[in-house]
**Q** 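Provided herewith is a single structure, encoded as structure tokens, for subsequent inquiry.
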Protein chains: 2
Amino acid sequence: MIEPKPVPIRERTRRLAQTELTSVAQDLFLAQGYEDTTVDQIAAAAGMSKRTFFRYFPSKDDLVIGKYDLFADRMAEALDARPEDEPVWQSLRRVFDITLDYVEDPHQRARNEAMEEIVRSTPQLHARYLEKMQRVQQLLIGRVATRLTGQDAPTSDPAPAAIVGAAFACMQAAHQAWSTSDKNEPFGRYLDRAMATIRVDETTRTL
Amino acid sequence: MIEPKPVPIRERTRRLAQTELTSVAQDLFLAQGYEDTTVDQIAAAAGMSKRTFFRYFPSKDDLVIGKYDLFADRMAEALDARPEDEPVWQSLRRVFDITLDYVEDPHQRARNEAMEEIVRSTPQLHARYLEKMQRVQQLLIGRVATRLTGQDAPTSDPAPAAIVGAAFACMQAAHQAWSTSDKNEPFGRYLDRAMATIRVDETTRTL
DNA sequence: GCGAAGTTGGCACTCAGTGCCATGTGAGGC
DNA sequence: GCCTCACATGGCACTGAGTGCCAACTTCGC
């Protein structure tokens, strides 16, 4: 007997409602801007009340920013999948490969880029985006620390955090450079270049 | 004839009111937490109306986070003061020296650390803090870019942003490690260690 | 003393977000 | 078919941040 539904019905309708909300909200944001769109408007456009909206998203911000949570798990998994003896810097470079999500549909692609622009240009969203990224880094720092020391116990060595932070800075820099370019060159090339400017000392230090 | 007042009276009373507000607000935050303290309470404790509070600070967040703006200017100045031919990584290390503001009064010192803890543990404040730091980095990136290329024109080279971002990541990592330590060793030592794990390629690339 | 400019408080308003409750509605047990 | 339980929903009232507006007051130059 096969297990028919590991994901229950309730959960699936819930996700359906969430994607629906996200979709109509994006339309509104792109048309009239993030701050000039009220939660009431979004809820009405999706055919529900404001009260119900907040049962699907904890805040208006999360409607936009929430997707970066999945991101965190995917990156942690990706790092775990790298071979133990690979240099950490190279592992991180490989982990960033998953950020290159190939969206085929050019329409959808344009939408995503427009939403990124909204996040970048809305201070409140940008702030929350940075905070999410910080959380992703925390996940990776623990893993890098165990790799470098071979121990699970967290030390007061700033090296793992420095390395992970530097890698993310490179990703950020590459993304910035790429998105303002003509986009003929692939993003991965920019990432390689950014990460090549930095060399990491992987020596284990016992403090 | 000497210029008697380059800073007009209005401006000084304004700053006085701001520091007064900051002081009473900190008392309240430390006593009952940031989120459980309303602007009305702060304003009342400082003997003014909520409406007037918002004439001194654009938001409740800025009361806590605003000081990091001065920070940005000081760091930009500090970088400009470094010799042209000094390696960039070393210049950045020197720039971070100004973050070690030696507060003699142990009472004031404890207060500052408690406020830092509030920022760290309040997601909304932490997010805004990260965004401020991002702005500081933008200021420095332009200067580093000119140093590396010798040109004023911004290029699409991700290297300057990567280097500055990596340096800030090191500072962040060092700060984290130091603040959870017993604080016998000075912060500067942690900073040295964090920044020593990373080596930077300062070769100019023309893209 | 007088007018202009700036400061303040109060009021009413918008919008995000929450607690509470009453009303659906679908699935399963009998 | 009917009943019940679990959950979803909407509505309402509320708090708290932040803003526009106006009327009263203070301060400063003349």
Side-chain angles (χ1 to χ4, degrees), chain A residues 4-5 7-22 24-25 28-29 31-66 118-119 122-129 131, chain B residues 3-22 24-25 28-29 31-66 118-119 122-129 131:
Chain A
K5 280 155 192 174
V7 180
I9 309 107
R10 306 270 192 201
E11 184 57 25
R12 271 191 294 165
T13 52
R14 183 179 170 77
R15 294 204 190 149
L16 216 71
Q18 280 175 336
T19 52
E20 170 67 9
L21 272 172
T22 307
V24 299
L28 287 168
F29 293 157
Q32 43 177 129
Y34 177 77
E35 289 174 314
D36 290 337
T37 306
T38 69
V39 173
D40 268 322
Q41 281 177 40
I42 300 167
M48 63 177 69
S49 73
K50 170 184 148 188
R51 193 68 191 80
T52 305
F53 172 94
F54 283 111
R55 289 197 180 96
Y56 285 109
F57 292 100
S59 76
K60 189 180 159 189
D61 292 354
D62 283 83
L63 182 72
V64 180
I65 292 300
I118 285 182
V119 172
T122 309
Q124 194 190 351
L125 287 179
H126 189 230
R128 294 219 43 193
Y129 164 78
E131 209 220 340
Chain B
E3 296 285 327
K5 280 156 192 173
V7 179
I9 306 108
R10 305 268 194 202
E11 184 58 24
R12 271 192 295 166
T13 52
R14 183 178 170 78
R15 294 203 190 151
L16 216 70
Q18 279 176 336
T19 53
E20 170 67 10
L21 273 172
T22 307
V24 299
L28 287 168
F29 292 157
Q32 44 176 130
Y34 177 78
E35 289 175 313
D36 289 338
T37 306
T38 70
V39 174
D40 269 321
Q41 281 177 39
I42 300 167
M48 64 177 68
S49 72
K50 170 183 148 186
R51 193 66 190 83
T52 305
F53 173 95
F54 283 113
R55 290 198 179 96
Y56 285 108
F57 292 100
S59 77
K60 188 180 159 189
D61 291 355
D62 283 83
L63 183 72
V64 180
I65 292 300
I118 286 182
V119 172
T122 310
Q124 194 190 350
L125 287 179
H126 190 231
R128 293 220 42 193
Y129 164 78
E131 209 221 338

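Reminder, nothing fancy here: chain letters follow the sequence lines and each chain counts from 1.
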**Q** If you check every side-chain atom of A:Phe54, which of C:dG17, D:dT19, C:dG9 has the closest atom?
**A**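 From the listed options, C:dG17 comes nearest.
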**Q** With respect to the side chain of B:Arg55, which nucleotide from D:dA17, D:dT9, C:dT8 is positioned closest?
**A**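 Selected nucleotide (nearest to the side chain): C:dT8.
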**Q** Using the side-chain heavy atoms of B:Lys60, tell me which of these nucleotides is nearest: C:dA16, D:dG18, D:dT9.
**A** D:dG18
**Q** Grab the OH-P distance between B:Tyr34 and D:dG16 for me, whole Å please.
**A** 14 Å
**Q** Output the rounded distance in Å from CD1 (A:Ile42) to P (C:dC15).
**A** 12 Å
**Q** Please report the distance, rounded to the nearest Å, between CZ in B:Arg12 and C1' in C:dG6.
**A**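 It works out to 17 Å between those atoms.
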**Q** From CG of A:Asp62 over to P of C:dA16, roughly how many Å is that when rounded to an integer?
**A** 14 Å
**Q** Tell me, do B:Thr52 and B:Arg55 make a side-chain contact under 4.5 Å, heavy atoms counted?
**A** yes
**Q** For the pair made of CZ in B:Phe57 and P in D:dT19, what is the distance, rounded to whole Å?
**A** 14 Å
**Q** Can you measure A:Arg51 atom CZ to C:dG24 atom P for me and round it to whole angstrom units?
**A** 19 Å
**Q** Ring-plane angle category for B:Phe53 and B:Phe57, please: parallel below 30°, perpendicular beyond 60°, tilted otherwise.
**A** tilted
**Q** Looking only at heavy atoms, what is the nearest atom pair of A:Ile118 and A:Thr122, with distance?
**A** O-OG1, 2.8 Å
**Q** Counting only side-chain nitrogens and oxygens, does B:Tyr56 get under 4.0 Å of the OP1 or OP2 atom of C:dT8?
**A** yes
**Q** Specify the separation, in whole Å, of atom NZ of B:Lys50 and atom P of D:dT15.
**A**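 The distance from NZ of B:Lys50 to P of D:dT15 comes to 12 Å, rounded to the nearest Å.
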**Q** Can you check the A:Leu16 CG to D:dT9 P distance for me, whole Å?
**A**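 Distance, rounded to whole Å: 12 Å.
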**Q** Taking all non-hydrogen atoms of both residues, which atom of B:Ser59 and which atom of B:Arg128 are closest, and how far apart?
**A**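 Here B:Ser59 and B:Arg128 meet closest at OG-NH1, 3.6 Å.
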**Q** Can you tell me if A:Asp61 and A:Tyr34 form a side-chain donor-acceptor pair at under 3.5 Å?
**A**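 Yes, A:Tyr34 and A:Asp61 have a side-chain donor paired with an acceptor closer than 3.5 Å.
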**Q** Taking 4.0 Å as the cut-off, does a side-chain nitrogen or oxygen of A:Thr52 come that near to OP1 or OP2 on D:dT9?
**A**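 So the side chain of A:Thr52 is outside the cut-off, no N or O lying under 4.0 Å from OP1 or OP2 of D:dT9.
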**Q** Would you indicate what B:Thr13 reaches in the nucleic acid, counting non-hydrogen atoms under 4.0 angstrom: base, sugar-phosphate, or nothing?
**A** nothing
